[in-house]
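Worksheet for the structure shown next.
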Amino acid sequence: MSRPKRTLSAFSLSFLDIMSCGFGAAVLLFLIIKHKVDTPEPIPLTSKDQTSEVMLLEEEILTGKKNLAALRNTLEAIEEEMITAQGRARQVSSEIREVAMHTQAIEPDAVAAELEALKTRIKKLEQQKNSIAAENSKTGEQALKISGEGNRQYITGLRLDGRRSLILLDISASMLDRTVVNILRFRNLRDERKRLAHKWQQAIKIVEWLMANLPADSQYQLYLFNTDTLSALPDSKGRWLDVDDKTTLQKVIERLKRQVPENGTNLENAFIVARQLRPAPDNIYLITDGLPTQGSRTYRGATITANQRQKLFERAIQKLPDRLPINVILTPMEGDLQAAFAFWQLSQRTNGAFISPQEGWP
């Protein structure tokens, strides 16, 4: 008897078949998925503090690079100096060896002879020094001391060796300053302020310097002139004073320091008074700042021209004593261009000296 045929059903799969299919699907999915895990990209810094810190670090790095370059340059310079110093050291060593060889070659007798010659020369120099000191002791430095620093004997051509020296000092208003504007300003100030004017103080120091360097056994006279001419010591007009008389010398200086520059300049009258001195002076030391503005001849008007001042100067020098050296110390004033040449000609014609000192002298 034949068996009946079994019919197939779609749902007749076994449990193992289902599991196998699921497992295969899982394996396939595993193969399809990408296995490489990428490194996460850095998160950009968005914080302001972190950005500032980064910029600071970058700046420090840049500064470090610059400093490194500077250090390298310095190192190269030091290396060059070392090479130069080494070369100089070798040269000095060579010179030392040459000197040593030369010293060894010198005989003891020659050294002794040279030493005696040096001692003799030192004695001669000491004698010259003592002679110069004795000569200087004859000057007026003992009678009048000049304060300050530096060597004040640097003027050449100004001889201070006469028996009778006449000092003529301009005390007109122009001796207050070198510029016209400041002269007008000083004229309106009190006398105490006028006495402290820099140019006037320089004139006083020049007189002190002259007196301090006159020979101690000589005589002097100090006349002050503007529109009039008077002696610095009123009761001494017309007579000579002794340089070694310290008391009188101090009185003259004190009287001069109380004087106030004022009025115009009459040089003709000053030369007339100088000519009347008896005995006549050996030297005249004229301290002024420009050509005269007044004289025996008068000009109309409130002002005077340069040509008129030149004519007054020419009339004044006609009143000078004959064959008498005129030494001019000019402290120039603004605008008086002809004064320097005119006074230089006067000093050259009379065999005197002409000096235009700087503001800091003496």
Side-chain angles (χ1 to χ4, degrees), residues 157-160 162-175 203-204 206-207 210-211 214 218-234 236-241 252 256 259 261-299 304-333 336 338-356:
L158 185 62
R159 297 186 299 272
L160 298 168
R163 295 285 300 171
R164 291 172 296 276
S165 300
L166 173 61
I167 302 175
L168 296 176
L169 175 61
D170 187 351
I171 60 170
S172 62
S174 61
M175 293 296 288
I204 294 176
I206 292 174
V207 173
L210 290 173
M211 290 184 172
L214 291 174
S218 66
Q219 294 179 315
Y220 71 96
Q221 179 57 265
L222 174 62
Y223 278 165
L224 313 177
F225 68 94
N226 44 22
T227 54
D228 194 11
T229 303
L230 63 153
S231 175
L233 206 59
S236 68
K237 186 175 181 179
R239 62 186 179 88
W240 294 101
L241 305 175
V252 171
L256 174 60
Q259 187 67 44
E262 57 186 358
N263 300 328
T265 307
N266 190 331
L267 187 60
E268 181 179 355
N269 190 34
F271 286 162
I272 292 175
V273 174
R275 193 166 188 167
Q276 296 172 351
L277 277 172
R278 292 292 181 272
D282 298 331
N283 281 294
I284 290 181
Y285 301 95
L286 174 61
I287 306 170
T288 185
D289 65 344
L291 297 176
T293 58
Q294 297 187 20
S296 58
R297 180 179 180 181
T298 59
Y299 293 95
I304 186 170
T305 65
N307 291 332
Q308 291 171 343
R309 297 181 70 178
Q310 181 68 32
K311 292 179 180 180
L312 290 174
F313 174 76
E314 293 173 356
R315 292 176 62 89
I317 61 178
Q318 294 176 2
K319 303 298 190 295
L320 278 170
D322 298 332
R323 296 182 297 275
L324 183 63
I326 308 299
N327 304 281
V328 181
I329 302 177
L330 182 68
T331 57
M333 185 184 68
D336 196 356
Q338 298 178 351
F341 181 69
F343 282 110
W344 176 80
Q345 281 188 322
L346 174 62
S347 62
Q348 292 298 308
R349 187 165 61 248
T350 60
N351 294 323
F354 174 80
I355 300 169
S356 183

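Quick note: numbers below take in every heavy atom, side chains included, and nothing from hydrogens, waters or symmetry partners.
Across S218 and G162, no two heavy atoms sit closer than the pair CB-O, 3.4 Å. When all heavy atoms are compared, the tightest approach of L166 to A274 is CD2-CB, 3.4 Å. Annotation for V252 and A232: closest pair CG1-CB, 4.0 Å, computed over non-hydrogen atoms. Across all their heavy atoms, R275 and L320 have their closest contact at NH1-O, 3.5 Å. In plain terms, the two heavy atoms of A353 and N327 that are nearest each other are N-OD1, 3.0 Å.
Taken from CG in D289 to OG in S356, the straight-line distance is 10.5 Å, to the nearest 0.5 Å. For the atom pair L346 CG and I317 CD1, the distance stands at 6.0 Å (nearest 0.5 Å). Going from atom CD of Q345 over to atom OG1 of T350 covers 11.5 Å, rounded to the nearest 0.5 Å. Atom CD of residue Q219 and atom CZ of residue R239 lie 10.5 Å apart, to the nearest 0.5 angstrom. Atom CG of L241 is separated from atom CG of L233 by 6.5 Å, given to the nearest 0.5 angstrom.
Using modelled atom types, one side-chain atom of R164 and one backbone atom of A280 make a donor-acceptor pair closer than 3.5 Å. Using modelled atom types, no side-chain atom of N263 and backbone atom of N226 make a donor-acceptor pair closer than 3.5 Å.
Residues satisfying the salt bridge (charged side-chain N to carboxylate O under 4.0 Å, His left out) criterion with R163, sequence neighbours excluded, are D217. Under the side-chain contact (heavy atoms from CB on, under 4.5 Å) criterion, N307 pairs with T305, Q338, sequence neighbours left out.
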Evaluate the side-chain contact (heavy atoms from CB on, under 4.5 Å) criterion for residues I326 and N351: first the C-alpha distance (whole Å), next the side-chain angles of each, then the deciding distance (0.1 Å), finally the verdict. CA-CA 7 Å; I326 308 299; N351 294 323; over 6 Å; no
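Residues S165 and N283 have side chains that never bring a donor and an acceptor to within less than 3.5 angstrom of each other. Checking T288 against D170 by side-chain atom types alone, a donor-acceptor pair falls below 3.5 Å. A donor-acceptor contact closer than 3.5 angstrom links the side chains of S231 and Q221.
You'll find the side chain of L210 stays beyond 4.5 Å of the side chain of Y220, heavy atoms only. Side-chain contact between F313 and L267 is present, with heavy atoms from C-beta onward closer than 4.5 Å. Contact annotation: the side chain of I171 never approaches that of E262 to less than 4.5 Å [non-hydrogen atoms, C-beta and beyond]. Put simply, the side chain of N269 does not reach to within 4.5 Å of the side chain of Q294, judged on heavy atoms. The shortest distance between side-chain heavy atoms of L224 and Q259 falls below 4.5 Å. A heavy-atom distance below 4.5 Å is not found between the side chains of L330 and I355.
In K311, the NZ atom is not crowded: 12 or fewer heavy atoms of neighbouring residues, nucleotides or ligands sit closer than 6.0 Å.
Listed by first and then second residue, the ring pair (Phe, Tyr, Trp, His ring centres under 6.0 Å) pairs that reach into residues 274-293 come to none, sequence neighbours excluded.
For the side chain to side chain contact (heavy atoms under 4.5 Å, CB included) with F225, the lone residue among D228, T229, T227 that qualifies is T229.
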